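From a predicted model like this one, the values you see are computed outputs, not experimental measurements. Below, chain A is the first sequence line, B the second, and so on; all start at residue 1.
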Amino acid sequence: MKEQIAQLIDAALSTLIANGTLPADITPNIQVENTRDKAHGDFASNIALTLAKPARRNPRELAQQLCDALPTNGSIEKTEIAGPGFINFFVSQASIFTVLGDILEQGDAFGRGQANSGPRMQVEFVSANPTGPLHVGHGRGAAYGATVADLLEAAGVEVEREYYVNDAGRQMNILAASVWLRYLEQHEQELTFPSNGYQGHYIRDIAHDLVKDHGDRFNRPVADVVADIPADEPAGGDKEVHIDALIERAQQLLGDDYEMVFDAGLNSILGDIREDLGEFGVNYQEWFSERSLTSSGDVSRALEQLEAKGYLYEQDGNLWFRSTDFGDDKDRVVKRANGQTTYFASDIAYHMNKFERGFDKVVNIWGADHHGYIARVKAAIQAMGYDPEKLEVRLVQFAILYRGSERVQMSTRSGSFVTLRELRNEVGNDACRFFYVTRKADQHMDFDLELAKTESKDNPVYYIQYAHARVCSVLRKLESEGMAWDQAAGLAAMERLESETEKDLVKQLAKYPETLQHAALNFEPHVLANYLRDLAGDFHTWYNGHKLIIDDAELRNARLTLSVAVRQVLANGLKLLGVSAPEQM
RNA sequence: GCGCUCGUAGCUCAACCGGAUAGAGCAACGGCCUUCUAAGCCGUAGGUUGCAGGUUCGAGUCCUGCCGGGCGUGCCA
């Protein structure tokens, strides 16, 4: 409908240009909006206001001329000039209601664009270090990323979902050392666990499995392990130096077996993360290994590329990337004096790799604490000759958990963080998925556990699901009364739906496709969440004032048709949010 | 200090590319079940959009300054 009106305006503009009322060199940007106030009709355009200045005309007068020049169209009942020069369009009942037929005909596909008709995009999200279970902060990134990816796909974009596995680097070595030390404890060796090691109980579980699968293969005398290791922090030393020495010792004593211990930790935790996400309805096409960037030579190749273009220089023995040439605050080290490449070097290689895979757009969903990295990564992309605009970085703020009005304290140091799995078990996947995306991602959010758990109207998830279940319930009731819903008869009797609430409801349904598009292209799932809440509200309002199972067959079928259309759109929307649409509650 | 970001009803948040009288929910108060699920509906009340300027037909939205919160600012990962 919006499209149609825009075309009518375009035609009117051409007419006015042809007869000399408007200059030929204007570049109109035709906007048609949903009206906020019913008194303003169904749709409105501000075209006369935006053209008033370049056309050097009074906006209301111009609006009138545009109206006069509008081609006649059966769907438009009347137009009005209002306010400073808006053109309001009043659409006929019949053409508003045609959307019901579209919904029922298209079913699950209603609102979706043509599959893979758009660009190819990659969405990378969560990508938490595999050093422990996911916590509630990762949960928001997971829900947000999964929904953004699903929305894009629904909008016709070809989407690849990817998890970047940080399976290299010091943190992973600390993990391996932690596993190994717990393993030694399983062999009844007494040792003091490093303060900077991973304290979680899951480390013991991994060590236990290691004993089960490999017996004492990795066992070494503790005396050899701790010999000449610098003191830990509680003993007056430096915890970083202490743990690094332990890692080095583990590598010495285990030789080639070190990698087995390392992989045992990595695979166990990664397996847990996959399972966790899978249960949360979050799935990936690709789990991309950071280590593979080194073995494939991408890291050295990326650095060579930058070198060849003259963006690298040596200073103090380190190799620097001149990112300041591309707007970064300071230059960055890519290779240390000891020959080790930095994490940033891997990032450069990773993004080079992404762009070489030919995506039209690369979307990174990062925790908000990473926002300082955007400039340097974009700088690297640009330096390698790619368009930095093709990288879209979306930041997700952390969620603060509340139990009622009480804040749930979390700290990684004390190990008292709430895991995503615990949250899902307590609150349920549906409420989790919904709550996480109901607020703008770059906004801090308060996640109230008590509210998410309540099964009442206070909880928007149940409110929406209940609307869906209500329609199902009516259809069951209908059947038990020995009646059936006749879709064709319903569609043929649309003119019987004459109340204002019915029209509101249908107009809300008609907004679904554009809402979906908007939510997808702007990476804003909350728009869809809010839309569904509004739709459910409109439905409940209508339902409360209108009986569906009535003797008047024509009216009954018309109302049932509307109900089923609402159910369809609710189901489509909930599916995209990863929330179930129950048939009864 | 510098950079990014946010500031909207008592609370949690919306507001489509700059549009008309800034909207929901919760909390508060008052109503509605012999009727398809009351997990619902209706109504009342609640605002100088942090402050001060600027841009224009029009600003919560764009620009400048200030105030306040968050994050970043490692040869860490």
Side-chain angles (χ1 to χ4, degrees), chain A residues 29 31 33-37 39-40 44-46 49-50 52-53 58-60 82-86 88 129 131 166 168-174 240 290 315-320 329-330 332-338 340 342-344 346 367-375 395 397-398 402 405 438-440 442-448 451 454-463 465-467 469-478 480-481 511 514-515 517-519 522 524 526-527 529-531 533-534 536-537 539-550 560 563 584-585:
Chain A
N29 172 21
Q31 297 175 46
E33 300 184 322
N34 300 307
T35 52
R36 207 174 291 179
D37 187 335
H40 299 143
S45 179
N46 61 356
L49 291 165
T50 58
K53 192 162 225 179
N58 174 304
R60 282 193 68 108
F86 290 100
N88 294 333
N129 285 351
T131 53
N166 295 112
R170 182 162 170 268
Q171 291 304 316
M172 288 307 297
N173 282 319
I174 294 177
E240 307 291 350
E290 180 186 353
Q315 191 180 305
D316 311 325
N318 300 299
L319 194 58
W320 296 72
D329 295 339
K330 51 171 290 193
R332 310 285 171 178
V333 172
V334 290
K335 190 187 263 187
R336 289 192 287 260
N338 64 9
Q340 285 272 315
T342 60
Y343 179 86
F344 178 48
S346 295
D369 54 336
H370 281 66
H371 87 242
Y373 296 87
I374 299 174
L395 299 178
Q397 288 285 350
F398 293 121
Y402 282 84
S405 59
T438 199
R439 307 295 179 218
K440 257 199 246 173
D442 60 3
Q443 204 76 265
H444 297 270
M445 79 175 281
D446 293 345
F447 192 126
D448 187 341
L451 177 60
T454 53
E455 300 191 356
S456 75
K457 63 169 184 172
D458 302 1
N459 188 334
V461 192
Y462 287 91
Y463 184 83
Q465 289 180 320
Y466 179 49
R470 259 188 157 168
V471 178
C472 296
S473 173
V474 169
L475 293 178
R476 281 192 301 270
K477 175 80 175 172
L478 182 76
S480 74
E481 308 246 321
K511 282 184 202 164
E514 68 192 61
T515 302
Q517 284 290 323
H518 180 259
N522 293 293
E524 292 184 336
H526 76 277
V527 169
N530 290 336
Y531 166 85
R533 214 223 156 266
D534 290 344
F539 172 75
H540 287 309
T541 295
W542 172 67
Y543 180 92
N544 221 255
H546 297 78
K547 240 172 121 46
L548 306 187
I549 301 178
I550 47 177
L560 287 169
S563 304
Q584 57 184 3
M585 298 178 74

Practice problem: Report the residue (A:Asp329 or A:Lys547) whose heavy-atom-nearest nucleotide on RNA chain B is the more 5′ of the two. | Solution: A:Asp329

Quiz item: Do the side-chain N or O atoms of A:His526 get closer than 4.0 angstrom to the phosphate oxygens (OP1, OP2) of B:rA15?
Solution: yes

Practice problem: Write down the distance separating the C1' atoms in B:rG18 and B:rG54, rounded off to the nearest Å. | Solution: 15 Å

Quiz item: Looking only at heavy atoms, which two atoms of A:Ala337 and A:Asn318 are closest? And how far apart?
Solution: N-OD1, 2.8 Å

Quiz prompt | Same-atom distance (P) from B:rG10 to B:rU55, integer angstrom | solution = 32 Å

Quiz item: Looking across every strand, which nucleic acid part, if any, lies under 4.0 Å from A:Asn338 by heavy atom: base, sugar-phosphate, or nothing?
Solution: nothing

Exercise. Please work out if A:His371 contacts a base, only the sugar-phosphate, or nothing of the nucleic acid, heavy-atom cut-off 4.0 Å.
Key: base

Quiz item: Will you find, in the side chains of A:His518 and A:Asn522, an N or O donor that is under 3.5 Å from an N or O acceptor?
Solution: yes

Quiz item: Rounded to whole angstrom units, what separation is found between the CD atom of A:Glu240 and the C1' atom of B:rC76?
Solution: 8 Å

Practice problem: Give one of base, sugar-phosphate or nothing for A:Ala368, where a contact means two heavy atoms less than 4.0 Å apart. | Solution: sugar-phosphate

Exercise. Output yes when at least one side-chain N/O atom of A:Arg470 is less than 4.0 Å from OP1 or OP2 of B:rA38, else no.
Key: yes

Quiz item: OH of A:Tyr543 to CZ of A:Arg470: how many Å apart, nearest 0.5 Å?
Solution: 5.0 Å

Quiz item: Is the shortest side-chain N/O distance from A:Arg36 to OP1 or OP2 of B:rA20 below 4.0 Å?
Solution: yes

Quiz prompt | A:Asp37 CG - B:rA15 C1' separation (whole Å) | solution = 15 Å

Quiz item: Separation of A:Asp534 atom CG from B:rA14 atom P, in whole Å?
Solution: 13 Å

Quiz prompt | Closest listed nucleotide, where the reference is the side chain of A:Leu548 and the choices are B:rC17, B:rC36, B:rC41 | solution = B:rC36

Quiz item: Base, sugar-phosphate, or nothing for A:Ala82, non-hydrogen atoms under 4.0 angstrom?
Solution: base

Quiz item: Roughly how far apart are A:Thr50 OG1 and A:Gln31 CD, rounded to 0.5 Å?
Solution: 7.0 Å

Practice problem: Starting at atom CD of A:Glu33, determine the distance to atom P of B:rA20, rounded to an integer number of angstrom. | Solution: 8 Å

Practice problem: Tell which nucleotide pairs with B:rU61, taking only Watson-Crick or G-U wobble pairs whose two distances are both under 3.5 angstrom. | Solution: none

Quiz item: Is A:Gln584 touching bases, backbone alone, or none of the nucleic acid, heavy atoms closer than 4.0 Å?
Solution: base

Quiz prompt | Nucleotide forming a Watson-Crick or wobble pair with B:rA39, both distances under 3.5 Å | solution = none

Exercise. Please state the C1' separation for the pair B:rU35 and B:rC41 - nearest whole angstrom.
Key: 14 Å

Quiz item: Just how far, in rounded Å, is P of B:rA24 from NZ of A:Lys440?
Solution: 18 Å

Self-check item: Partner nucleotide of B:rG1 by Watson-Crick or wobble geometry (both distances under 3.5 Å)
Solution: B:rU73

Quiz prompt | B:rA27 and B:rC11, which share atom name C1', separated by this distance in whole Å | solution = 7 Å

Quiz item: Going by 5.5 Å between centroids and 30° between planes, is there a stack of A:Phe86 over B:rA20?
Solution: yes

Quiz item: On a whole-Å scale, what distance lies between the C1' atoms belonging to B:rG7 and B:rG47?
Solution: 15 Å

Quiz item: Nearest 0.5 Å, what's the CZ-OG1 distance between A:Arg533 and A:Thr438?
Solution: 9.5 Å

Exercise. Quick one: label A:His40 by what it contacts on the DNA or RNA (base, sugar-phosphate, nothing), any heavy atom closer than 4.0 Å.
Key: base

Quiz item: Say you draw a straight line from CG of A:Asn88 to CD of A:Glu33; how long is it, rounded to the nearest 0.5 Å?
Solution: 10.5 Å

Quiz prompt | Base-pairing assignment for B:rU21 (Watson-Crick or G-U wobble, both under 3.5 Å) | solution = none

Quiz item: A:Tyr373 has an atom OH; how far is it from atom P of B:rA77, in whole Å?
Solution: 9 Å

Self-check item: Rounded distance in Å between the C1' positions of B:rC26 and B:rG46
Solution: 13 Å

Practice problem: Could you tell me whether the phosphate oxygens of B:rA77, OP1 or OP2, come under 4.0 Å of any side-chain nitrogen or oxygen in A:Arg336? | Solution: yes

Practice problem: Whole angstrom is fine here: how far is it from CZ in A:Arg533 over to C1' in B:rU12? | Solution: 13 Å

Quiz item: How do A:Gly83 and A:Val474 order along RNA chain B: which one's closest nucleotide is nearer the 5' end?
Solution: A:Gly83

Quiz item: Where does B:rC33 land, syn or anti, once you apply the within-90°-of-0 test for syn?
Solution: syn

Quiz item: For B:rC57, does either OP1 or OP2 sit under 4.0 Å from a side-chain N or O belonging to A:Lys53?
Solution: yes

Quiz item: When we call it a touch if two heavy atoms are under 4.0 Å apart, what does A:Asp369 touch: a base, just sugar-phosphate, or nothing?
Solution: sugar-phosphate

Exercise. Identify whether any heavy atom of A:Asn173 sits under 4.0 Å from a base atom; if not, whether one sits that close to sugar-phosphate; answer base, sugar-phosphate or nothing.
Key: nothing

Quiz item: Atom CD in A:Glu290, atom CE in A:Met172: separation rounded to 0.5 Å?
Solution: 9.5 Å

Quiz prompt | A:Thr131 vs A:Gln171, side chain to side chain donor-acceptor pair (under 3.5 Å): CA-CA, chis, key distance, verdict | solution = CA-CA 7 Å; A:Thr131 53; A:Gln171 291 304 316; 5.8 Å; no

Self-check item: C1'-based separation of B:rG69 from B:rC42 [nearest Å]
Solution: 39 Å

Quiz prompt | Nucleotide paired to B:rU34 in any strand shown, Watson-Crick or G-U, under 3.5 Å | solution = none

Quiz item: How long is the line joining CD of A:Gln397 and C1' of B:rC71, in whole Å?
Solution: 7 Å

Quiz item: Does OP1 or OP2 of B:rC41 have a side-chain N or O of A:Tyr463 closer than 4.0 Å?
Solution: yes

Quiz item: Quick one: CZ on A:Arg476 to CG on A:Leu478, what's the gap to the nearest 0.5 Å?
Solution: 12.0 Å

Exercise. Once you apply the 3.5 Å cut-off to both distances, tell me the Watson-Crick or G-U wobble partner of B:rG68, or none.
Key: B:rC6

Quiz item: What does A:Ala337 touch in the nucleic acid at a heavy-atom separation under 4.0 angstrom: a base, only the sugar-phosphate, or nothing?
Solution: nothing

Quiz item: What integer number of Å spans the C1' atoms of B:rC57 and B:rG23?
Solution: 25 Å

Self-check item: Syn/anti label of B:rC17 as read from its glycosidic torsion, with the cut at 90° from 0
Solution: syn

Quiz item: Does A:Thr541 make a side-chain N or O approach to OP1 or OP2 of B:rC42 shorter than 4.0 Å?
Solution: yes

Quiz prompt | Phosphate OP1/OP2 of B:rG74: any A:Lys330 side-chain N/O under 4.0 Å | solution = yes

Practice problem: Would you classify A:Asn166 as touching base, sugar-phosphate or nothing, given that sugar-phosphate means primed atoms plus P, OP1 and OP2, and contacts are heavy atoms under 4.0 Å? | Solution: nothing

